Amino acid sequence: MEDKIIFSSVMLHKRILVILDNQVDFISINHLAKLLKIPSVNSVKRSCDNLRQSITANFDDSQVELLMSKGKGIKLKRNSVNIRRIVEKLYEEEFFYSVFKYLYSKRSVSTTEFCLSNHVSESQLRRKIRSANQELNKYDVHISVGTRISVKGDEFKIRSWGFSFLYLVHGSIRDVSWIKNSNFYIDIAREVLSHLEVSTTDYMVDIVALLCYINYKTKDSPYRLKLTKEKEQYLKQISFPPPPKNLENWNHADWIYLVTALYGFNLFDFKLTIDPSRIKSGISLVYMDSWISFFEEEFRILTDDEKNNLYKNYYKDILLFRIVQMDADFLVSFTTIDTKRISSQYPTFYQKFERFWSNFLKANPSRGSDYLRNESLLMCLNLTPAKELLPTVSVYLFTNYPVVMSNFLKDRITVHFTNSYHVKFTLDTEEADLFISTSCRTPTPQNKEIAAKPTVIVNRQPSARDFQLLEETMEKVIKIY
């Protein structure tokens, strides 16, 4: 949910930072513009100048410094802060961040008071809010400007949008300077997690504290959550625990919202009493049944327990979208995954996944969000045995050494490629993808097709060069199913 309209300059600055952080030396502004795919070099230079000013204003040179030189170009010199911390400061400088801070602290604020405090005219305010609403309306949230500035929309969506904003900008309640007495909300979070018998880290507690803050701020206000009949229908499958004693004064819907969000986010091993049969009878499982069907067609047949776990996972998604009303763009941040690394490390698996996902989307075109794709990729990884993730290479070993030595050589090769290939030794020359030999006098098979298969000559004790030759050859003969 990184709003491209509201925070367009922050998004550009973040891209610049990420690119520079992956460079070891100065790069020219021209080259940076090419990497950013921005045709105007002057525009990129202005953005870099603004970024440098912001970094200089917020950090000591010993922490981070953006170096710019006419002769050398630009370089990010970073020591004791990470990119997220720099970007966090960039967000805080934005006009809309001030709007959010006021609205989430008070929900409604005098237009005159806001304009005076933020040195902005009312006409400028209206123009900026009008632009922001283009993005916010995607979440069914709207900011109105009259004598007062107010945020309007479904209360579930407003709270979820508020949590999304705070999480993406800060990540932790301790880093939100304007939330007074953050330890109070951290204590509530600890009590909630203890009550739910969840073991977790301080970092996760800080995330839960953000949710507690969002809930607590409105518990005595007119902005109350209301569980509609439709929402209650989705919640029938869960036996909710009662709130801890210190939260007994919370509105019932506030407690349901908090527990449902925690369960749906899947941040920790969090169990609620849910009957799979009630899930099947209470909600439509057409999408999940289709997912399972295409998975089994491409990968393998699932057990009943595995299917039930998938139904529960699908139910979590329904809770996030229907009850918590979280945005799919935001949820991507909870399923961040390096697809390039997976496709490189597990090419056979990834090609299967691409076919599976393509077929699933053809049958279910409305399920094409990045979040659901990432989640599906993670589920496929979890359901695929480790040895099936790797491409299989069948090897025939020619050697005139004793069996013990031959087995030792096989073990060395197998272990070396454990994380890259499933090496399968065979006694069938037709099945083999390549031949490995410890002798230069390897017999030539009479069958021309077999004789054409690659052969790698290695030492009895394989060297680094031997393994390099084997890897280069395996890359050429890798089996794609």
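These numbers were taken from a predicted model, which means no experiment stands behind them.
- The cationic atom of Arg367 (NZ for Lys, CZ for Arg) lies less than 6.0 Å from the six-membered ring centre of Tyr287 and within 45° of the ring axis.
- Here the side chains of Met326 and Ser164 are in contact, with some heavy-atom distance below 4.5 Å.
- For the pair Glu155 and Arg107, the salt-bridge criterion is met [side-chain N within less than 4.0 Å of a carboxylate O].
- Between Tyr167 and Leu211 the shortest side-chain heavy-atom distance does not fall below 4.5 Å.
- At most 12 heavy atoms of other shown residues, nucleotides or ligands fall within 6.0 angstrom of atom CG in Asp304.
- Separation of the Phe295 and Phe299 ring centroids falls under the 6.0 Å cut-off.
- Nearest heavy atoms, Met288 versus Tyr314: SD-CB, 3.5 Å.
- No donor-acceptor pair under 3.5 Å is formed between the side chain of Asn118 and the backbone N or O of Phe95.
- Between Arg148 and Ser108, the side chains place a donor N or O and an acceptor N or O closer than 3.5 Å (distance only, hydrogens not considered).
- A donor-acceptor pair is defined here as one N or O able to donate and one able to accept, closer than 3.5 Å; such a pair exists between the side chain of Asn359 and the backbone of Arg355.
- Side-chain contact between Leu381 and Phe349 is present, with at least one heavy-atom pair separated by less than 4.5 Å.
- Side chain of Arg174 to backbone of Ser182: no donor-acceptor contact under 3.5 angstrom is found.
- Side-chain N or O atoms of Asn137 include one that pairs as donor or acceptor with a backbone N or O of Asn133 at under 3.5 Å.
- Note on Arg373 versus Glu354: salt bridge recorded, some NZ/NE/NH1/NH2 to OD/OE distance being below 4.0 Å.
- Put simply, the side chain of Thr111 gets close to the backbone of Thr147: a donor and an acceptor are under 3.5 Å apart.
- Between the OH atom of Tyr91 and the NE2 atom of His13 there is a distance of 12.5 Å, given to the nearest 0.5 Å.
- Other residues, nucleotides and ligands contribute at most 12 non-hydrogen atoms within 6.0 Å of the NZ atom of Lys128.
- Considering only heavy atoms from C-beta on, Asp317 comes within 4.5 Å of Leu372 through its side chain.
- In this structure, Phe356 and Phe353 have tilted ring planes: the angle between them lies in the 30° to 60° band.
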Discussion item. Apply salt bridge (Lys or Arg N to Asp or Glu O under 4.0 Å) to residues Glu92 and Lys89 and explain how you reach the verdict.
Written reply: CA-CA 5 Å; Glu92 291 178 352; Lys89 288 297 181 183; 3.6 Å; yes

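- At least one side-chain heavy atom of Val423 sits under 4.5 Å from a side-chain heavy atom of Met474.
- Under a 3.5 Å cut-off, the side chain of Thr260 and the backbone N or O of Ile256 do form a donor-acceptor pair.
- To the nearest 0.5 Å, atoms CZ (Arg78) and CG (Leu66) are separated by 12.5 Å.
- Using modelled atom types, one finds no donor on one side chain facing an acceptor on the other under 3.5 Å when comparing Ser376 with Trp357.
- Distance check: Arg322 CZ to Tyr315 OH gives 12.5 Å after rounding to the nearest 0.5 Å.
- Residues Leu258 and Cys212 are in side-chain contact: their nearest non-hydrogen atoms beyond the backbone lie under 4.5 Å apart.
- The residues Arg159 and Asp254 are annotated as salt-bridged, a charged nitrogen and a carboxylate oxygen being separated by less than 4.0 angstrom.
- Put simply, CG on Asn58 and CG on Leu90 are 7.5 Å apart, with the number rounded to the nearest 0.5 Å.
- Between Arg127 and Glu122 no salt bridge is recorded (no basic side-chain N to carboxylate O distance below 4.0 Å).
- Under the 30°/60° scheme for interplanar angles, the aromatic rings of Phe100 and Tyr97 are found to be tilted.
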Discussion item. Please evaluate residues Arg190 and Asp202 with respect to the criterion salt bridge (Lys or Arg N to Asp or Glu O under 4.0 Å), reporting the C-alpha separation (whole Å), side-chain torsions for both, the decisive distance (0.1 Å), and the verdict.
Written reply: CA-CA 9 Å; Arg190 290 191 192 282; Asp202 287 343; 3.3 Å; yes

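- Put simply, the side chain of Glu296 never gets that close to the backbone of Ser293: no donor and acceptor are under 3.5 Å apart.
- For Glu88 and Arg85, the salt-bridge test passes: some basic side-chain N is under 4.0 Å from an acidic carboxylate O.
- Between the CG atom in Leu319 and the NZ atom in Lys231 there is a gap of 11.5 Å [rounded to 0.5 Å].
- Rounded to the nearest 0.5 Å, atoms CG (Leu225) and CD1 (Ile323) are 11.0 Å apart.
- Salt bridge Lys352/Glu298: absent, no basic N to carboxylate O contact under 4.0 Å.
- The side-chain heavy atoms of His252 and Leu227, taken from C-beta on, include a pair separated by under 4.5 Å.
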Worksheet entry | Trace of the salt bridge (Lys or Arg N to Asp or Glu O under 4.0 Å) decision for Glu306 with Arg300 | CA-CA 12 Å; Glu306 287 171 332; Arg300 65 177 177 85; 2.8 Å; yes

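- Side-chain atoms of Asp60 never come within 3.5 Å of backbone atoms of Ser62 as a donor-acceptor pair (strictly under, hydrogens ignored).
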For residues 33-48, tabulate all N or O donor-acceptor pairs below 3.5 Å that involve a side-chain atom, not counting sequence neighbours.
| unit_1 | atom_1 | unit_2 | atom_2 | d |
| --- | --- | --- | --- | --- |
| Ser40 | OG | Ser43 | N | 3.1 |
| Lys45 | NZ | Asp49 | OD2 | 3.3 |
| Ser47 | OG | Ser43 | O | 3.2 |

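- Side-chain atoms of Ser290 never come within 3.5 Å of backbone atoms of Val286 as a donor-acceptor pair (strictly under, hydrogens ignored).
- A heavy-atom distance below 4.5 Å is found between the side chains of Tyr213 and Leu166.
- At a cut-off of 3.5 Å, with distance as the only test, a side-chain donor of Asp289 or Tyr311 sits close to an acceptor on the other residue.
- Put simply, the side chain of Asp175 never gets that close to the backbone of Gly171: no donor and acceptor are under 3.5 Å apart.
- No side-chain N or O of Thr56 forms a donor-acceptor pair with one of Gln53 less than 3.5 Å apart.
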